[in-house]
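Start at 1 with the first residue, then count along the sequence.
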Amino acid sequence: MNGASFWNLLTQRIFSISGWALRPRLADNIVEPAFNAPSRRMSSSPAQVSQAATLALMDIDDLKGVNVTADFDTGDRLLNEVDDILRRALPCGAGFERLESGRFLVWLPKMSLECAAKMAEQMRLLACQALVDGPSGRVARTLSAGLVATSSNESRARAILRADVALANAKRIGGNKTETTPNLPMPSLVPSREQIEEAITTRALEYHVQPIFDLRSMVPAGVEALLRWNRPDGAVLGPNGFMDTLNRIPEVGAELFPDLAVEAAMPFATGAAPIYTTFNITGAVLDGVNSPGCRWLSTTVLERIPAENLVLEIVETAVIVNPQRAADLIDRLRARGVRIALDDFGTGLSNLERLRRFPVDILKVDRAFVDGIGGDGREEAILASLVALAGGLDIDVIAEGIETEAQARTVGDLGIYYGQGYHLGRPAPASDWATRMAEGY
């Protein structure tokens with residue numbers, strides 16, 4: 001097939017293929033598409049994949065400039081337009097995921113690196129044609145892409161980090177390009193202690209927040225604080241990329257992190273209509289040992305942030321060594337007015353046993369259940385049962401991962417009155433969201 005025929009075929013595919021949504025956070029390993037599945041969803045492999053794939057990481061060039069010169073709404077609409085084009089341009093058997101940083105992952109299995117690079121480049125060029133109306137006229141941006149060949153046993157996190165290196169190379173030479181990195185041995189991409197210490201001292205580590213809305217009134221009810229690393233190359237890295245290193249140097253940042261948390265929460269806890277801020281906590285905090293996490297809890301939660309405007313989320317991966325000690329701490333926190341939430345409820349360790357053992361105020365339903373809305377009805381039945389269960393325990397329910405108006409409407413009809421997700425607002429620095437809320441979003 002010549003280049004022109006390929007371009008025409010791919011252009012036609014944009015109007016004939018609907019996108020697949022990868023369910024994030026179900027596993028940290030590469031996900032292989034279900035090639036013969038009747039629906040266009042991706043099925044996740046529990047631990048490893050049976051064969052290698054090619055991964056393309058794409059990013060809009062100078063999206064920050066759109067937010068500054070136009071506004072955040074224009075930037076969001078441009079992201080959504082690019083998202084739609086990429087989803088529709090996916091070849092059969094491919095997968096797609098939109099990361100919270102605003103980047104896009106494309107999985108191209110059963111394809112050589114050379115062929116995948118051609119496909120990714122055509123998709124990138126199509127997405128570069130996205131146009132949205134801004135306050136001063138139409139707005140468009142190019143995209144850059146980094147492409148890597150993965151191995152059958154490679155973790156998802158490492159593959160993304162390698163693709164991020166290729167993407168950074170594309171940005172470094174001017175952007176609007178696709179750069180390829182073959183599957184060759186390479187040094188560890190885990191940041192060093194020195195890099196993390198510098199990030200702490202320069203405040204490159206900070207909290208971003210994502211709004212949580214009351215779906216009945218569409219008024220913000222709270223925000224979730226999310227630790228992020230603003231890297232020198234412009235990438236925004238989530239905790240999976242640096243937390244292992246950070247945990248090995250617990251004394252570093254012991255004084256700074258309480259300040260960062262307070263700075264993130266206070267704009268939302270003060271004002272005419274205060275709302276809450278949620279922070280994720282691990283098993284080490286709940287076990288009550290004398291760790292930096294416990295010191296963060298005592299100096300931040302109990303002294304400096306109003307208890308009535310604070311929620312602590314027990315993360316799904318939290319391993320609680322001493323359940324009784326954790327339950328006692330939760331009781332003391334709730335007695336002071338701090339609310340407790342179970343994050344990613346319905347998956348992993350965040351299950352009915354944890355709900356039975358610990359008194360909590362909020363269930364955050366894992367996005368996998370929201371993503372499955374509109375299928376065979378199983379997710380809707382599960383969500384309706386969770387609403388009934390939470391109602392009997394006088395617990396609020398928050399739906400995570402709302403990405404469409406239809407999902408927001410469905411969870412609201414089922415009796416879930418609070419939600420968060422890209423459709424409602426993507427994560428951004430706390431100061432950005434504080435300004436947007438003050439201005440009516």
Side-chain angles (χ1 to χ4, degrees), residues 22 24-25 28 55-68 71-72 74-76 78-80 82-83 86 97-106 141-146 156-172 175 179 189-192 195-211 223-246 253 256-257 260-261 263-264 277-280 367 400-401 403 420-422 424-436:
L22 177 67
R25 302 170 78 173
D28 191 42
L55 182 152
L57 180 62
M58 300 188 183
D59 188 35
I60 297 176
D61 295 325
D62 192 30
L63 179 62
K64 183 177 181 179
V66 176
N67 294 333
V68 172
D71 52 32
F72 285 99
T74 303
D76 285 342
L78 181 61
L79 273 167
N80 291 337
V82 170
D83 181 297
L86 291 176
E97 178 182 359
R98 178 169 165 179
L99 303 180
E100 69 174 31
S101 60
R103 297 181 173 194
F104 307 94
L105 283 181
V106 179
R141 284 293 187 273
T142 58
L143 279 80
S144 295
R156 175 178 180 270
R158 181 173 174 81
I160 293 174
L161 285 172
R162 291 199 303 111
D164 188 47
V165 172
L167 176 60
N169 289 336
K171 297 268 191 180
R172 191 175 298 114
E179 284 291 297
L189 293 172
V190 175
S192 66
Q195 288 175 306
I196 293 298
E197 288 178 344
E198 181 182 3
I200 292 172
T201 57
T202 60
R203 293 208 169 197
L205 284 180
E206 68 171 351
Y207 282 104
H208 286 200
V209 301
Q210 185 175 30
V223 295
E224 180 179 0
L226 305 160
L227 192 61
R228 295 292 180 263
W229 179 16
N230 299 306
R231 296 196 324 190
D233 62 3
V236 179
L237 196 63
N240 287 341
F242 59 84
M243 193 56 70
D244 284 346
T245 303
L246 186 62
L256 174 61
F257 282 119
L260 294 179
E263 290 171 8
T277 301
T278 79
F279 291 92
N280 293 328
R367 68 188 64 195
E400 298 183 291
E403 296 191 355
Q420 68 183 103
Y422 288 156
L424 303 171
R426 57 190 176 91
S431 58
D432 290 354
W433 265 112
T435 299
R436 296 179 69 175

What distance do [X] atom [atom1] and [Y] atom [atom2] have between them, rounded to the nearest 0.5 Å?
X    : Y    : atom1 : atom2 : value
E224 : E400 : CD    : CD    : 6.5 Å
I200 : L260 : CD1   : CG    : 9.0 Å
E403 : L424 : CD    : CG    : 10.5 Å
D83  : L78  : CG    : CG    : 11.0 Å
I196 : W229 : CD1   : CH2   : 4.5 Å

Measure across [X] and [Y] and return the closest heavy-atom pair with its distance rounded to 0.1 Å.
X    : Y    : result
Y207 : L227 : CD2-N, 3.8 Å
A170 : A145 : CB-O, 3.8 Å
A261 : F279 : O-CZ, 3.6 Å

Report, one line per pair, each donor and acceptor closer than 3.5 Å where one atom sits in a side chain of residues 428-436; sequence neighbours left out.
{"residue": "W433", "atom": "NE1", "partner": "R426", "partner atom": "O", "Å": "3.0"}
{"residue": "T435", "atom": "OG1", "partner": "S431", "partner atom": "O", "Å": "3.0"}
{"residue": "R436", "atom": "NH2", "partner": "D76", "partner atom": "OD2", "Å": "3.4"}

List for me each residue that meets side-chain contact (heavy atoms from CB on, under 4.5 Å) alongside [X], sequence neighbours excluded, and say none if there are none.
X    : value
D62  : R141
T74  : V66, A70, D71, R77, V132, P135, V139
N230 : E206, H208, V236
L57  : L55, L99, R103, L105, A163, D164, L167

> CD of E263: more than 12 outside heavy atoms within 6.0 angstrom?
Replying inline: yes

>> Going by the rule side chain to side chain donor-acceptor pair (under 3.5 Å), which residues pair with T277 if we only count those two or more places apart in sequence or in a different chain?
In response: none

>> Is it the case that the side chain of Q210 and the backbone of G425 share a donor-acceptor pair, with hydrogens and angles ignored and the cut-off at 3.5 Å?
In response: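 Such a contact is found between Q210 side chain and G425 backbone.
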
